[in-house]
Participant: 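Let me begin by handing over the structure; questions about it come next.
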Amino acid sequence: MTKMHSAQLDGVLRTQLYIDGAWCNGEGGRRLQVINPSTETTIAEVEAASAADVDVAVKAAAKAFRTWKKTTGAERAALLRAIARGVEARRERLATLQSLNNGKPLAEALIDVSDVAATFDYYAQLAEQLDETGESAVALPTDDYRAVIRREPAGVAGLIVPWNFPMVTTAWKLAPALAAGCTVVLKPSEVTPLPELELAEIVAEAGVPRGVFNVVTGTGVDVGAPLAAHPLVAKVSFTGSTSVGEQVMKTAATTIKGVSLELGGKSSIVVFADADLDLAVELVVGGGFFNAGQMCSATSRVLVERPIAQALIARLAERARQIAVGDPLVPGVQMGPLTNRAQYERVQRYIAQGKSEAAEVIGGEVPAGPGYFVKPTIFVDVPVDSAVWREEIFGPVLCVRAFDTEDEAIGVANDTEYGLVATVVTRDPAREQRVAQALEAGVVWINAPQAIFPQTSWGGYKRSSIGRELGPFGLAAFQEIKQVLSAARNVRTMRENPTP
Ligand code: NAD
């Protein structure tokens with residue numbers, strides 16, 4: 001196998017597609033440039049694949065599925081653990097690629113690498129358990145029949161991922177898909193394909209058989225849409241914007257394939273007057289400015305109980321000004337640039353809009369280029385019907401509002417078309433539980449940073465998701481359920497032995 005990423009990172013890498021266990025060029029001979037968002041220079045050129053390339057990859061995956069689905073859970077677990085060890089062995093390189101391509105500080109990129117390894121290890125464990133739990137007997141009200149439920153791999157899985165957490169969003173799909181016994185065609189974001197291409201090398205080195213894992217780079221229209229439409233793809237798992245998720249669902253509907261969607265968010269952090277203020281400041285800053293705010297789970301709505309509102313805003317303003325924004329590879333930098341020009345321009349439009357609507361504006365400066373840098377921005381008291389309050393901005397922008405009662409805070413937090421996450425900061429244990437129960441969100445953190453364990457769950461209510469990733473739910477998303485019913489004695493007709 002050709003080592004696609006062995007060139008120096010300061011040169012321009014030329015990468016290929018990974019199909020059927022080999023690196024190859026796309027049929028059209030077209031390429032896409034990959035940009036370093038800190039410098040706006042080209043760091044790589046990747047294949048701009050087409051529907052024809054997708055077809056080749058899907059057919060390779062369909063062929064490989066015939067044997068891969070017969071492997072034992074223990075065999076797949078061994079490969080998943082080998083991938084986890086491969087990720088750890090390339091920890092520094094993967095983190096550097098992540099920083100270079102996505103713009104996140106190295107410290108954040110290293111968290112991503114650890115998350116990827118932990119996800120493969122976790123699903124290795126679930127794959128192993130499948131040898132025991134993949135087939136389970138069902139108790140029936142008669143001895144005439146025996147029923148067994150089998151969990152079988154769905155088939156070829158098409159995975160489509162965004163640019164904000166390259167590798168991580170992929171691992172959350174790839175590890176359970178392989179654990180379940182599915183084969184995979186992955187379409188990374190055209191903005192950040194480099195970490196995923198490195199991951200492909202790791203998967204290949206781990207000894208995953210040819211055709212089981214394929215990577216096709218290119219645009220959403222040229223690669224994503226044909227993948228979602230392909231009749232041999234049994235399951236599409238998509239993470240990205242709500243509008244593209246809607247498209248993917250429509251496309252997948254034409255062949256009635258299973259769909260999992262992880263989409264946008266507009267989430268709240270609710271800070272009560274009894275909160276530990278130091279903790280609240282750190283949780284608000286983490287929920288708003290980690291990954292330069294480019295998080296589906298950004299708690300970009302800050303709801304604070306009125307008695308401490310002024311104190312919290314003053315502390316946030318001080319903290320936001322201290323955040324060192326710059327090249328993510330420079331030690332001490334805490335926030336890098338936005339990941340691509342389109343997002344940079346979009347966030348600037350929202351900042352301009354917020355400036356005209358907010359009672360008070362903190363930060364909001366956009367340093368002169370090069371690089372897609374935006375300073376942390378806080379809007380105080382924007383109207384609840386304004387675009388900055390209602391729409392996903394996906395940048396380092398927070399909107400703060402004061403509230404007077406618990407019910408009001410819950411009502412305002414839930415007043416959104418999304419429902420991905422929420423954070424609650426309070427010292428009152430009864431309130432913690434009450435508010436967590438009332439919030440319409442798939443994840444609620446209480447007095448906690450946005451820690452995500454692969455053993456739990458990921459996904460949200462309303463227009464944020466269909467289905468759940470991580471935990472056993474992530475595995476179930478790549479499985480079909482088969483009932484096998486056998487007669488325990490000669491039962492010839494239903495009349496002889498009707499359904500109880
Ligand atoms: P995007 O929707 O623009 O693109 C996501 C992926 O879909 C990319 O690989 C893209 O090439 C592909 N794509 C584009 N058009 C397509 C089409 N017609 N058919 C099939 N595929 C197509 O999203 P983005 O800008 O890359 O990422 C940001 C969005 O992702 C935000 O809205 C964010 O909230 C969301 N996100 C959600 C989660 C979650 O877990 N809920 C996690 C990360 C990001």
Side-chain angles (χ1 to χ4, degrees), residues 32 34 46 48-49 51 54 101-102 104 112 115 119 158-173 185-193 195-196 215-230 233 236-254 257 259-267 290-300 338-347 391-395 416-421 441-443 450 452 457-470 473-474 477:
L32 288 172
V34 181
V46 299
V54 171
N101 199 172
N102 164 281
K104 63 183 71 190
D112 288 359
D115 183 309
T119 303
L159 313 183
I160 304 173
V161 296
W163 45 257
N164 61 333
F165 285 94
M167 267 191 329
V168 175
T169 40
T170 292
W172 290 9
K173 300 176 189 307
V185 177
L186 167 72
K187 183 229 164 306
S189 166
E190 57 271 48
V191 177
T192 54
E196 263 85 2
V215 185
V216 183
T217 52
T219 65
V221 171
D222 292 339
V223 177
L227 185 57
H230 203 291
V233 171
V236 179
S237 181
F238 170 85
T239 299
S241 59
T242 298
S243 59
V244 175
E246 196 180 314
Q247 285 301 315
V248 167
M249 202 169 171
K250 283 182 183 154
T251 308
T254 58
K257 53 175 59 89
V259 177
S260 294
L261 303 175
E262 286 302 336
L263 310 173
K266 189 71 186 179
S267 303
F290 193 84
N291 206 27
Q294 299 167 116
M295 296 188 290
C296 50
S297 61
T299 39
S300 57
L338 298 182
T339 303
N340 60 77
R341 174 159 285 281
Q343 191 59 25
Y344 177 58
E345 288 171 356
R346 191 177 128 98
V347 170
E391 295 172 16
E392 181 180 51
I393 298 176
F394 225 56
T416 163
E417 62 186 15
Y418 299 110
L420 193 56
V421 304
V443 180
Q450 294 197 0
I452 302 167
S457 68
W458 186 254
Y461 287 34
K462 300 188 262 184
R463 286 169 63 93
S464 283
S465 302
I466 290 189
R468 290 290 183 274
E469 296 196 311
L470 299 182
F473 320 101

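Read the numbers this way: they start at 1 and go in the same order the structure lists the ligands and their atoms. One is the number of the first residue; the rest follow in order along the sequence.
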Participant: With rounding to the nearest 0.5 Å, note down the distance linking NZ in Lys266 to CD in Glu417.
Facilitator: 11.0 Å
Participant: Aromatic rings Trp458 and Trp172: how do their planes relate, parallel, tilted or perpendicular, breaks at 30° and 60°?
Facilitator: perpendicular
Participant: Quick one: do Glu190 and Thr217 satisfy side-chain hydrogen bond (donor to acceptor under 3.5 Å, both in side chains)? Show the steps, please.
Facilitator: CA-CA 7 Å; Glu190 57 271 48; Thr217 52; over 6 Å; no
Participant: Between ligand 1 and the protein, which N/O pairs fall short of 3.5 Å?
Facilitator:
from: ligand 1; atom 1: 2 (O); to: Ser241; atom 2: N; distance (Å): 2.8
from: ligand 1; atom 1: 2 (O); to: Ser241; atom 2: OG; distance (Å): 2.6
from: ligand 1; atom 1: 9 (O); to: Val161; atom 2: O; distance (Å): 2.7
from: ligand 1; atom 1: 9 (O); to: Lys187; atom 2: NZ; distance (Å): 3.1
from: ligand 1; atom 1: 11 (O); to: Lys187; atom 2: NZ; distance (Å): 3.0
from: ligand 1; atom 1: 11 (O); to: Glu190; atom 2: OE1; distance (Å): 2.6
from: ligand 1; atom 1: 11 (O); to: Glu190; atom 2: OE2; distance (Å): 3.4
from: ligand 1; atom 1: 11 (O); to: Gly220; atom 2: N; distance (Å): 3.3
from: ligand 1; atom 1: 19 (N); to: Ala225; atom 2: N; distance (Å): 3.4
from: ligand 1; atom 1: 23 (O); to: Ser241; atom 2: N; distance (Å): 3.4
from: ligand 1; atom 1: 25 (O); to: Trp163; atom 2: NE1; distance (Å): 3.0
from: ligand 1; atom 1: 26 (O); to: Trp163; atom 2: NE1; distance (Å): 3.1
from: ligand 1; atom 1: 30 (O); to: Gly240; atom 2: O; distance (Å): 3.3
from: ligand 1; atom 1: 32 (O); to: Glu392; atom 2: OE1; distance (Å): 2.7
from: ligand 1; atom 1: 34 (O); to: Glu392; atom 2: OE1; distance (Å): 3.3
from: ligand 1; atom 1: 34 (O); to: Glu392; atom 2: OE2; distance (Å): 2.6
from: ligand 1; atom 1: 40 (O); to: Trp458; atom 2: NE1; distance (Å): 2.8
from: ligand 1; atom 1: 41 (N); to: Glu262; atom 2: OE1; distance (Å): 3.4
from: ligand 1; atom 1: 41 (N); to: Leu263; atom 2: N; distance (Å): 3.2
from: ligand 1; atom 1: 41 (N); to: Leu263; atom 2: O; distance (Å): 2.8

Participant: Is it the case that the side chain of Ser189 and the backbone of Val191 share a donor-acceptor pair, with hydrogens and angles ignored and the cut-off at 3.5 Å?
Facilitator: yes
Participant: Going by an N to O cut-off under 4.0 Å, is there a salt bridge joining Glu469 and Lys173?
Facilitator: yes
Participant: Mind checking the CD-CE spacing from Glu392 to Met295? Nearest 0.5 Å is all I need.
Facilitator: 10.5 Å
